[in-house]
There are 2 protein chains.
Amino acid sequence: MAVGLVSLVGAGPGDPDLWTIRAARRIEEADLILYDALVDVEALRRATRAQCFCVGKRARRDSVPQETINRLMIRAARQGRRVVRLKGGDPFVFGRGGEEALALAMAGIPFEVVPGVTTAVAAPALAGIPVTHRGIASGFLVMAGHTSEAVDHTLRSIRPNTVSIVILMGVGARAELASRLMAHGWAPETPAAIVCNASMPDAWTWTGRLGETGAAAAPVGAAGVLVVGEVVQIREALNATSVPPVAPGNEVKYAGH
Amino acid sequence: MAVGLVSLVGAGPGDPDLWTIRAARRIEEADLILYDALVDVEALRRATRAQCFCVGKRARRDSVPQETINRLMIRAARQGRRVVRLKGGDPFVFGRGGEEALALAMAGIPFEVVPGVTTAVAAPALAGIPVTHRGIASGFLVMAGHTSEAVDHTLRSIRPNTVSIVILMGVGARAELASRLMAHGWAPETPAAIVCNASMPDAWTWTGRLGETGAAAAPVGAAGVLVVGEVVQIREALNATSVPPVAPGNEVKYAGH
C-alpha cells in the first residue's frame, strides 16, 4: 500500500474565504484532518468528508501532546490515508510546523507545506493597520507572547520604538506584555492595538496607547494579536476620512463579502 | 451610478494555487485589474475577463508612479467599475498598500483589504525553512532590502544573531546586504538562504553562510528573499533524512500539485 501524503496546511486567520485554493483542495480530498483550536470547525465540516479531530486546546481539555499528534499523522499516512494537519494562520509561524516536518521526514513520510495567510499580518491588515508603511515602519517583528522567557529574550534583541511589533498569542497576557515592553524602553505613548477574531463575524479591535493596553477590555479567551508601533495610527487616519473602511471594533466589511 | 469597490488584494508568492478563495473571486468579478510585476500574468488572464494592466516595473519600463495608480483606481471606481489592485504577497507587507488605502479613503472610495500569503513567510516555508522554531528562533524580523538607508535604520534596531531575519527585495543587492549585516555584528558563519521564484516552476534555492551570500549565483533579476538565521539549518536537517521533501534548488514538490 502506498504511503499517504501529509500536508501541513495553513488555514489563515479564521474565515474559510481566506483559505488558499490549494488548502481548500487538500481539505476536500483528505481522509484525516487534525486541526487546531483556531480553525473554523463548521466551515471545515462543510468542506470535507474526512475524519476531523481537534488536537488543539479547548475548554476543559489540554491540547493533545505533540508526540501524539506526530504519531497519529505517521500511522495514518502508513495506512495510505491522506492527512491534513490544519493550523490557524501559517503552519511555519509558531505552531510547531518545523517540528512536525522533521518528525515526518525522519519517519520517512512524504509531506508538503501549504503556506497560509498568517494572522500576524492579516489581523492588523483587516483592522486597517499595515505592518509596514513608508516613512513610518521599515520592517516588522513577529513574536509569540505566551511564554515570558521567550518574550524577554526577543525583546532584548530589538531596540525600542523602531520597527512595528506583532505579538501572537498574547492577548490574555496583554497587561504583562505591555509592562515588559515598557520595561525594555518602549514609550507608554506608543500607539498599540489589539485585534481579536480577525476576519470572523465577532471580530473585535481596540486601539490606544501601549500604557493603556493592560486595561483594554478584550473578549475573554479570544484569539488575537497585539500590534505596537506608529503604524496603528494608519487605522485612525482611515477612520477619520469620509469613507471609514474600518468600523470601530470590527474588521473591514463590505457588501459582497 | 454606484461607486465601484476597490479591493487591495494579495496574490501570494506566485503560484495561483496559493491565491485565497476571496482573491480568486475578486479577480474573477473585477472589471479592472492593476497588477504588480510579481504576479503570474498568464494565470491572471485565465482567471478573469477584466482589463488587466501591469503597473509594476518591467523590462525597459519603470513602474507606473504611485500617484498615477491611485488616480486610475479612483477614476475607475467612480465610473462604477470593480477594481482589483493585485500585489505580490500581501498588500500590506511593503508594496504601499497603506498609502493606497489612505488615498482611496480620502477620495471617498469604498475599499477592502484581502490579505494574501506573504512571500516573507511562504518562500522560506516552501524551501523547508520555518521562520520560527522552538529553541532556535522565538521571532522573526521582516524588512526590505532595496534602499540602503532603510536597511541601516532597521539593522540598527535589532541585536545581531537573535531572531530570524527575512529580507524582501534584496536578492540583487545580496552582497551589499550581507556586508551590512556583518558590519552590524552578524557572524559570517550565520546560516543564510536565498529563495527565488518560490512556488513557481523555476523556483531556486541556495543555502550557505552569511559570509558566502554575496558569491551565491542567484538567477539575475529573479524576485526572491534572503533568510538569515539558524532556522536555515532546518532545511538542511530535512534534506538529510530519508524523504527529502526539498529538492536541491527547488521548493517542496509532490504528485497531486
#### Entry: From CG (L141(B)) to CG (L141(A)), nearest 0.5 Å
6.0 Å

### Message
Looking only at heavy atoms and a cut-off of under 4.5 Å, which of P115(A), P124(A), G139(A) has the most pairs with chain B?
### Response
P115(A)

### Message
Among L168(A), V231(A), V166(A), V117(A), which residue has the highest count of heavy-atom pairs closer than 4.5 Å to chain B?
### Response
V117(A)

### Message
If I measure from the heavy atoms of chain B, does D15(A) come under 4.5 Å with its side chain, its backbone, both, or neither?
### Response
side chain

### Message
Under a 3.5 Å threshold, yes or no: a donor from one side chain and an acceptor from the other, between T20(A) and T20(B)?
### Response
no

### Query
Who wins among A24(A), A122(A), A137(A), S157(A) for the most heavy-atom pairs under 4.5 Å with chain B?
S157(A)

### Query
Among I158(B), V142(B), T118(B), which has the most heavy-atom pairs under 4.5 Å with chain A?
V142(B)

### Sub-4.5 Å side-chain heavy-atom contact between P16(B) and I21(A)
no

### Message
At a heavy-atom distance under 4.5 Å, which candidate from I136(B), V131(B), L102(B) has the highest pair count against chain A?
### Response
L102(B)

### Task
To the nearest 0.5 angstrom, please state how far the CZ atom of R22(A) sits from the CG atom of L18(B).
4.5 Å

## Note on the structure
CZ of R134(B) to CD of Q66(A), rounded to nearest 0.5 Å, is 7.0 Å

### Query
Does any non-hydrogen side-chain atom of T132(B) lie less than 4.5 Å from one of M143(A)?
no

#### Entry: chain B contact via A144(A) - side chain, backbone, both or neither, heavy atoms under 4.5 Å
backbone

#### Entry: Reported OG1-to-CZ distance for the pair T162(B) and R156(A), which is rounded to 0.5 angstrom
11.0 Å

## Note on the structure
In this structure, NE2 of H133(A) is separated from CZ of F92(B) (nearest 0.5 Å) by 9.0 Å

### Side chain, backbone, both or neither of V121(A) within contact of chain B (heavy atoms, under 4.5 Å)
side chain

### Query
Of the backbone (N, CA, C, O) and the side chain (C-beta and beyond), which part of I129(A) lies under 4.5 Å from a heavy atom of chain B, both, or neither?
backbone

### Message
Distance check, rounded to the nearest 0.5 Å: L238(A) atom CG versus L104(B) atom CG?
### Response
9.5 Å

### Message
Quick check for you: among G116(B), A120(B), P160(B), G95(B), which has the greatest number of heavy-atom pairs under 4.5 Å with chain A?
### Response
G116(B)

### Query
Given the options V93(B), I234(B), D90(B), which has more heavy-atom pairs under 4.5 Å with chain A than any of the others?
V93(B)

